[in-house]
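Encoded as structure tokens, the structure appears first; notes follow it.
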Amino acid sequence: MGQRQLIPRPFYDRPVLEVARDLLGAVLVHHDVAVRLTEVEAYAGGHDPASHAFRGPTPRNAVMFGPGGHAYVYFTYGMHFCVNLVCGPEAQASAVLLRAGEVIDGIDCARLRRPGARDRDLARGPARLTVALGIDRALDGADVTRADSPLRVLRGDPVPDEQVRRGPRVGVSSAAELPWRMWIDGEPTVSTYRPHTPRKPRSA
DNA sequence: TTCGAGATCGGCT
DNA sequence: GCCGATCTCGAAG
């Protein structure tokens, strides 16, 4: 894994859909666990009603309005973390949600973090991916282009266009029809598509 | 295999 | 207060 190269900052200073597509096959590393990204989802910042940045900057989403190549880590549903990589023109607040991947290094460590899970399920889904890698809010704002960062993104083997598939985003209640979810065709580590389902109100 | 509900809490209206 | 870029388990087909 040491021979893989860091992806430099300009990679992220491009339109979000291009960055998302090129992140497929890239390798996310946190300490001793490495994951090859097989599924990502694009969020187009302030103009995208499904984006956390849609209603403007807040303390939580502040990182999205900063420079590209930084990680936006947020907490949701009272129990899950998810990771995004900020990209696009600065202050546009575009980001790519990392949805799933294949553990290619440190698999023993990942298994300990997700006991009982099959190997293909270790990082299958955005919240599972953060568990397998040990990512939490402390990494919010981390610069993934720096060699001395705890969280880094490295080049992987390129994924040819014919292996890239696109479809609707998962779990969002607005603009869900945009085909901004991308994954590598035939990968068993890609999460199964489930349309957004509003939850029933609680009752006694 | 598919579906529905619960868990659990921070952020924003 | 309300609701979420989710996951897991249990029940039914």
Side-chain angles (χ1 to χ4, degrees), chain A residues 16-17 19-21 23-24 28 35 37-65 70-88 92-103 110-142 144 151 165-183 188-204:
Chain A
V16 61
L17 292 176
V19 177
R21 187 252 174 269
L23 278 171
L24 290 173
L28 180 67
V35 166
L37 300 175
T38 57
E39 182 186 359
V40 299
E41 214 164 71
Y43 287 85
H47 297 293
D48 181 355
S51 169
H52 285 179
F54 183 59
R55 304 186 189 278
T58 67
R60 177 172 72 149
N61 65 20
V63 171
M64 294 183 83
F65 290 84
H70 289 248
Y72 165 49
V73 180
Y74 68 90
F75 181 70
T76 190
Y77 289 102
M79 64 194 89
H80 296 307
F81 292 102
C82 296
V83 213
N84 296 251
L85 298 180
V86 179
C87 62
Q92 189 171 305
S94 298
V96 177
L97 171 67
L98 309 183
R99 288 196 56 87
E102 172 193 9
V103 177
R111 285 176 182 143
L112 286 175
R113 290 184 175 130
R114 300 211 355 97
R118 297 196 306 269
D119 284 353
R120 62 146 55 167
D121 293 332
L122 285 172
R124 191 189 202 199
R128 294 162 165 179
L129 182 142
T130 60
V131 171
L133 282 160
I135 292 173
D136 64 17
R137 197 71 184 276
L139 291 168
D140 187 39
V144 300
L151 186 67
R165 306 289 307 276
R166 293 174 174 235
R169 294 185 288 190
V170 178
V172 302
S173 52
S174 56
E177 72 285 356
L178 296 173
W180 286 358
R181 167 179 171 252
M182 304 182 200
W183 66 97
T189 55
V190 171
S191 63
T192 56
Y193 173 67
R194 274 201 293 281
H196 176 74
T197 53
R199 291 172 311 154
K200 245 181 165 178
R202 286 201 196 176
S203 59

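So that the names make sense, note that chain A is the first sequence line, chain B the second, and so on, each numbered from 1.
Between Arg169(A) and Glu41(A) there is no salt bridge, since no side-chain N of the basic residue sits under 4.0 Å from a carboxylate O of the acidic one. Note on Asp119(A) versus Arg111(A): salt bridge recorded, some NZ/NE/NH1/NH2 to OD/OE distance being below 4.0 Å.
For the contact set between residues 117-127 of chain A and DNA chain C, defined by any heavy atom under 4.0 Å, the members are Gly125(A), Pro126(A), Ala127(A). Sorted by residue number, the members of residues 78-86 of chain A with any non-hydrogen atom under 4.0 Å from DNA chain C read Gly78(A), His80(A), Asn84(A).
Every stem involving DNA chain B, taken as at least 3 paired positions in a row under the Watson-Crick or G-U wobble test at 3.5 Å, is listed here: B:1-7 with C:6-12, B:9-12 with C:1-4.
Checking Ser51(A), Pro57(A), Ser94(A) one by one against Met64(A), the side chain to side chain contact (heavy atoms under 4.5 Å, CB included) holds for a single residue, Ser51(A). Of the residues listed (Leu97(A), Val172(A), Val190(A)), the one engaging Arg181(A) in a side chain to side chain contact (heavy atoms under 4.5 Å, CB included) is Val190(A), and it is the only one. Partner of Pro126(A) under the side chain to side chain contact (heavy atoms under 4.5 Å, CB included) criterion, chosen from Arg99(A), Glu39(A), His80(A): Arg99(A).
Under the rule for a ring pair (Phe, Tyr, Trp, His ring centres under 6.0 Å), the partners of Phe75(A) that lie at least two apart in sequence or sit in another chain are Phe81(A). With sequence neighbours excluded, no residue forms a ring pair (Phe, Tyr, Trp, His ring centres under 6.0 Å) with Phe54(A).
Regarding Phe54(A), its CZ atom lies at a distance of 16 Å from the C1' atom of dG4(C), rounded to whole Å. Between the CZ atom of Arg128(A) and the P atom of dC7(C) there is a distance of 6 Å, rounded to whole Å.
With a 4.5 Å cut-off on side-chain heavy atoms, Leu133(A) and Leu28(A) count as touching. Using a 4.5 Å heavy-atom cutoff, the side chains of Val19(A) and Leu85(A) are not in contact.
Rounded to the nearest 0.5 Å, atoms CD (Gln92(A)) and CG (Asp48(A)) are 10.5 Å apart.
Stacking here means ring centres nearer than 5.5 Å and ring planes tilted less than 30 degrees, and by that measure Tyr77(A) stacks onto dG4(C).
Residue Arg169(A) places no side-chain N or O under 4.0 Å from the OP1 or OP2 atom of dT6(C).
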N/O contacts under 3.5 Å, protein versus nucleotides 10-13 of chain B?
| residue | atom | partner | partner atom | Å |
| --- | --- | --- | --- | --- |
| dC12(B) | OP1 | Thr58(A) | OG1 | 2.3 |

